[in-house]
Every structure is written in C-alpha cells, then in structure tokens.
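All of these numbers come straight from a predicted model, not from anything done at the bench. Residue numbers begin at 1 in each chain, while the letters A, B, ... track the order of the sequences.
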Amino acid sequence: MSNSTPKAAISPRRDEDFPEWYQQVIRAAELAEPSDVRGCMVIRPWGYGIWENMQRQLDALIRATGHRNAYFPLFIPLSYFAKEAEHVEGFAKECAVVTHYRLKLDEEAGLVPDPESKLTEPLIVRPTSETIIGASYAKWVQSYRDLPILINQWCNIVRWEMRTRLFLRTTEFLWQEGHTVHETETEAREETKRMLGVYETFVRERCAIPVFAGLKSDSEKFPGAVETMALEAMVQDRKAIQAGTSHFLGQNFARASGIQFQTREGKQEFGWTTSWGMTTRMVGTVVMAHGDDDGVVLPPRIAPTHIVILPITTREETRANVLETCDRLAAELRAKRFLDDVVIEVEVDRRDLGGGVKNWEWIKKGVPLRVEIGPRDLEKNSVTVSRRDQPVKNKESMRLDEFTARAPEILVSIQDSLHTHAKEFRDANTHEINSKKDFYDFFTAKNPSKPEIHGGFALAHWNGSREIEEQIKDDLKVTIRVIPLDDSSEPGQCIFTGEPSARRVVWAKSY
RNA sequence: CGGGGCGUAGCUUAGCUUGGUAGAGCGCGUGGUUUGGGACCACGAGGUCGGAGGUUCAAAUCCUCUCGCCCCGACCA
C-alpha cells in the first residue's frame, strides 16, 4: 500500500461538502444514528458519553451558582400552555399533542386510539417548561421571603421540526432548562447575565470553543421573553451556531402563571422570572468546530476516553509482556489527574482486530491521545504517542515513565491547542464590514450552483430596525446573531441606511 | 409545507432509457499468509431491488398511489 498521498478517513472532505461530511463523521464515530422514529435520533454510547460529560460539568457550574435540580412533568395541559400569548405564537406550530389515553383493537384499522378515551383537555408534550413550572412556582411563592427560586431541570423536550439533522435539530432532544423567580427586575437581569456567563465559561473552557456573547434582536428572541441573550460560536463552514441562551422574562410569565408575592412593603407584586438552556446540540457544535477530515476531534475535558492504549501483539512471544505493560500503564494513568481534578479515562483496546483498523477507529472517534506499545517499545522501555490534534503520521516515541508523568500536561496542551485553533479560525473569518456592497459580497458565494464555504461573521453597524433585518435575511439568509455585550465598538453609521448606529452587531448565516 | 434529488445486502453502489425473476467494492464469517498496522489469498454467509396496487406470459426496470431519507427554502436550540 502506498501512503504517499494519505487519504482522509472521512469522505467527502469538509471543503467538498460540509453537511455531508458532518453526517459521515457522526456515523463513523458512532456518535448517533437516525432512528426508525421520524426526526428522532439514537444517541450511541460514544455520543452519549460526550453528553454525559457536558452534563456533569455544566451541572456542577449550575449548582455552584446556587441552583438545585428538580423535575417537572413531560405533559403540559393545553390551557396552561395557552396562558402566554407570544409563547403560544412561537411554539404552537411545533407541538406534539396527546389526545387519548388508551388504545383499542379495531377489526379493520388495527390498533387505534380508543374514541372512548379522549382526554377532556389535550396535553402537549413540553417544547419548553415555563408554563408548567410556573404553575408550581405560583403555589410556592407567597412572600418575598420565598425568593429567589433557583431551579434547574435536565430533561427531554419535543419540538416537531420540519427538517432534522443529527444533534443539530431533532424532534426530541435533551437539554437543561433553568427557571428562576426573583424579587426585583435588577436581580432577574443579573441572573440572566450570570447564567450566560456560566455557559460562556463552559463552552470556552470545557468545549474549547470561543463565542460572541450578546443580546438577540427582537426578531430572534425567545417567544414571551423581554430580552434574550445568547452565545454564538463559529463552526468550520463559517456559519454561526447558538451555544446556549438565557432569557429575561420580565413579569410576562409570572403574570400568565400567577406567580405573585407580598413585598417587603406588604404589596402584591408579580415575580421577575428568567429561563436559560443548553442542549445536545452542543455535541454537534463540538464536532463541527473541531472535527477534521479524519473525523471527530474531542477536547480532552469532554472526551469519554482520554487515552487509548493499543497493544501491538503481533509476536506471540512478547504478547503477554506487552499486555501486562499496557495494563500497568493504564493503572498508573488512571491514578493521575489533569487540571487538578479531572480523572484520566484510559482504555486498553485488546480487541482481536488489525492494528491499523483499531487505530483508525479511535482516530475517527476523536480520542485525544493514542499510545502504542509493542515489542520494540518494551526493549527501549518506551511508548509511541499520537495526539489527535496533530496529523495522523506524527508519532512521538517517549520513555514510558516520562509519558506517565507528562500525560496530564499533554492533555491540557491538546485542550488549549483546540481552543487556540478554533479562535484563530473564528478571528480569521470575522471582519468589520463598512459598506453595503462589501457586506453583500462577503455573504455571496462565488459559485452559486454549488456554493463553496464562504462568509463568516460580519461586524457591521445597523440602525436597529426590523425592516433591515428582514431585508438582509430575504436577500442573503444572513441574520443578526448577537448584539455584543462588551462595549468595545465605536458608534458609527448603519451600512444599509446611513443612519446613526450605537455599535456594530454580529451578522452571519446560521444553523 | 413549497422546489429539487434519492430509496437495490451493514455501507457505497451497477443494472432501469431498450422488461426476461440481481452484480461489484468495502464490511462480515472461516481457514491460511502477513504483521508497528486501515495488508493479502482462498472459501463462504448475506438482497422477496422502501411499501402497496396495476400493466404484462414475465417488473428492480413501465404506470399509479404511498412511506421514508437527503439538499435548498420557510421555522427553530
């Protein structure tokens, strides 16, 4: 076999067809697969392991900010859901509705919902839980002394989407939704911002993805919210993807659900609520942000396995010795920690498979470190180490004890390099744009029939009007992703109208 | 839900225009040869050609309906 032109493990390459590449990666890495249920996916152990890591770590951050987990019903009575007008308008189109509670065997039609069992009031499957949680909060909140209420829930939700894509948009997905009630507007606004900050930390530190944090424009905000804040990440086709949102709900939902309390002055007032969420979409975001033409590349902090040890047992006489060395190394590594407290997960792959096949499987799955140990390593008391953030052919021979000692710092170095790389990519494709023509050029593919990867984030002045947003969306499929919170931008003129603009906003095509 | 494309073995697919009841590569199993590597050889398992109806002596191939998937649009985390 000639290896002069190394072939990539995933076909097509990212630059050939990004959406298809994405699907192939998800499959090759065994993250998930489409299920027999329309629009729903099966999350396989490797993909679910990534989610569990995200979940565990984000959960710790959520707890550290004073929130506690609870669980509310999957089903929401239609009348509860109907209470907030904007909310209904936003979600009604994608609600699964439960109308019966029993099946019946019909002669002709087979198993059908029993007409006798029709619910007097239909239930909807939660697309989000503001209204059902609000009903509980209304009971729990009597006095300002009951506030704040700081609760989070991990659950599945259902949004009946037209088009689905593994992890990025499925009918059912997993997420975390925080719901809080506060005594004052200020507190609630602070909470909204605090949780956005938690997400920002999580996404940057753990997922190694840089983001722009900011406000959504009115047209993009959560149905029923006063203000929505979001994080926007850039993935490798230069499109934006939302990586966590936090909503200041004002008193809208409190009014709808009757969350009222007696103030310090003895008056009745509606509570100030917030909600915030992050979903399994983050798994897809990591794939698209860090993956390469050989598959997934996982940041160590969310990888289910950090180090895979590949015994080279081609010679029978050294086999036992090699395996024993592998097990010993695994045990030593497992006893270590990186970044102070992260347990190192190690797997010795002793499956009876061709070495090359095994190696490539782990490459496609994105394990941060691969370590080969064979007879030649035994003689030299060394190991052969490959980092997933470096080309497949780069192998480094290292003394065994040196590797054991350095493994934690190598993992940290991979974590850092992924973030640096993602940030460089994001920054290289983020441009200040100062004229309408440049803007249109920036977001127009050179090859309209088969658009190449183009565009990116445009930082441009905007007059704040919805009409302009809609115009741009119609023309280019580009939207305002976020109005950044930082105040680094100078005032200027809207590039579309020439009107005054307080600051630049982030524009992009998005998922 | 609109526009386009596609459903043939686990995956990728040939065959369909010009009907004659399936062929390949990869993967899988067994045996052997190899061995720091996604190897090679031999043998083998696996398909009611998405489903239903129709035309026909005969349908993967033609017709009708239906289901599902992918891409683009509308909508969204």
Review point. Do Tyr22(A) and Asp17(A) have side-chain atoms, one donor and one acceptor, less than 3.5 Å apart?
Key: no
Check your understanding: Is it true that the side chains of Arg126(A) and Asn156(A) contain a donor and an acceptor less than 3.5 Å apart?
Key -> yes
Review point. Is the NZ or CZ atom of Arg301(A) both under 6.0 Å from the centre of the six-membered ring of Phe202(A) and within 45° of that ring's axis?
Key: no
Exercise for review: Using the criterion of both pairing distances under 3.5 Å for Watson-Crick and G-U wobble pairs, give all stems of 3 or more consecutive pairs involving RNA chain B.
Suggested key: B:1-7 with B:67-73, B:10-13 with B:23-26, B:28-33 with B:39-44, B:50-54 with B:62-66
Check your understanding: Rounded to the Å, how far apart are Asp352(A) CG and U35(B) C1'?
Key -> 13 Å
Check your understanding: Does Arg159(A) count as lying over the ring of Trp175(A), i.e. NZ or CZ under 6.0 Å from the six-ring centre, within 45 degrees of the axis?
Key -> yes
Exercise for review: Quick one: label Gly374(A) by what it contacts on the DNA or RNA (base, sugar-phosphate, nothing), any heavy atom closer than 4.0 Å.
Suggested key: base
Revision key, fill the gap. Between CD of Glu30(A) and P of G10(B) the distance, given in whole Å, is 16 Å
Practice item. Sugar-phosphate atoms are those with a prime plus P, OP1 and OP2; base atoms are the rest. Using that split, label each nucleotide of nucleotides 71-77 of chain B B, S or - for protein heavy atoms under 4.0 Å, 5' to 3'. Key: SBBBBBB
Review point. Is it true that the NZ or CZ of Lys83(A) lies under 6.0 Å from the centre of Phe81(A)'s six-membered ring and within 45 degrees of the ring axis?
Key: no
Practice item. Respond yes when some side-chain nitrogen or oxygen of Arg376(A) is under 4.0 Å from OP1 or OP2 of U35(B), and no when none is. Key: no
Check your understanding: Which part of the nucleic acid, if any, lies within reach of Pro375(A) when heavy atoms closer than 4.0 Å are counted: base, sugar-phosphate only, or nothing?
Key -> base
Practice item. Indicate, yes or no, whether a donor-acceptor pair under 3.5 Å links the base of G36(B) to the side chain of Asn359(A). Key: no
Point to revise | Residue of the set Lys364(A), Arg388(A), Arg14(A) for which salt bridge (Lys or Arg N to Asp or Glu O under 4.0 Å) holds with Asp292(A) | key: Arg388(A)
Review point. Between A60(B) and G20(B), how far is it from one C1' atom to the other, in whole Å?
Key: 13 Å
Exercise for review: Spell out yes or no: do the side chain of Thr384(A) and the base of G36(B) have one donor N/O and one acceptor N/O closer than 3.5 Å?
Suggested key: yes
Point to revise | Whole angstrom value for the distance that separates P of G27(B) from NZ of Lys364(A) | key: 10 Å
**Study point:** Ala9(A) side chain, from C-beta outward: closest of U35(B), G38(B), G36(B)
**Key:** G38(B)
Check your understanding: Do other residues, nucleotides or ligands put more than 12 heavy atoms under 6.0 Å from Tyr80(A) OH?
Key -> no
Review point. Are side-chain N/O atoms of Lys216(A) and His247(A) paired as donor and acceptor at under 3.5 Å?
Key: no
Check your understanding: Would you call Lys221(A) and Glu227(A) a salt bridge, taking side-chain N to carboxylate O under 4.0 Å as the test?
Key -> no
Practice item. Write down the distance between OH (Tyr22(A)) and C1' (C70(B)), rounded to a whole number of angstrom. Key: 15 Å
**Study point:** Flag for Glu177(A)-His179(A): side-chain donor and acceptor within less than 3.5 Å
**Key:** yes
Point to revise | Exceeds 12 heavy-atom contacts within 6.0 angstrom, atom CD of Glu52(A) | key: yes
Review point. When all nucleic acid strands are considered with a 4.0 Å heavy-atom cut-off, which category describes Arg27(A): base, sugar-phosphate, or nothing?
Key: sugar-phosphate
Any N/O pairs under 3.5 Å between the protein and nucleotides 24-26 of chain B? List them or say none.
none

Check your understanding: Is there a donor in the side chain of Glu467(A) and an acceptor in the side chain of Gln471(A), or the other way round, less than 3.5 Å apart?
Key -> no
Exercise for review: Could you check how far NZ of Lys393(A) sits from P of G36(B), rounded to whole Å?
Suggested key: 13 Å
Study note, to complete from the structure: Glu317(A) atom CD is separated from U35(B) atom P, nearest whole Å, by 12 Å
Exercise for review: Determine the Euclidean distance between corresponding P atoms of C65(B) and C70(B); express it in Å to zero decimal places.
Suggested key: 23 Å
Practice item. Using the P atom on both, measure A22(B) against G46(B) and round to a whole Å. Key: 15 Å
Exercise for review: Identify, between Gln24(A) and Leu310(A), the residue whose nearest nucleotide on RNA chain B lies closer to the 5' end.
Suggested key: Gln24(A)
Check your understanding: Which value, in whole Å, describes the distance between the P atoms of nucleotides G2(B) and A74(B)?
Key -> 16 Å
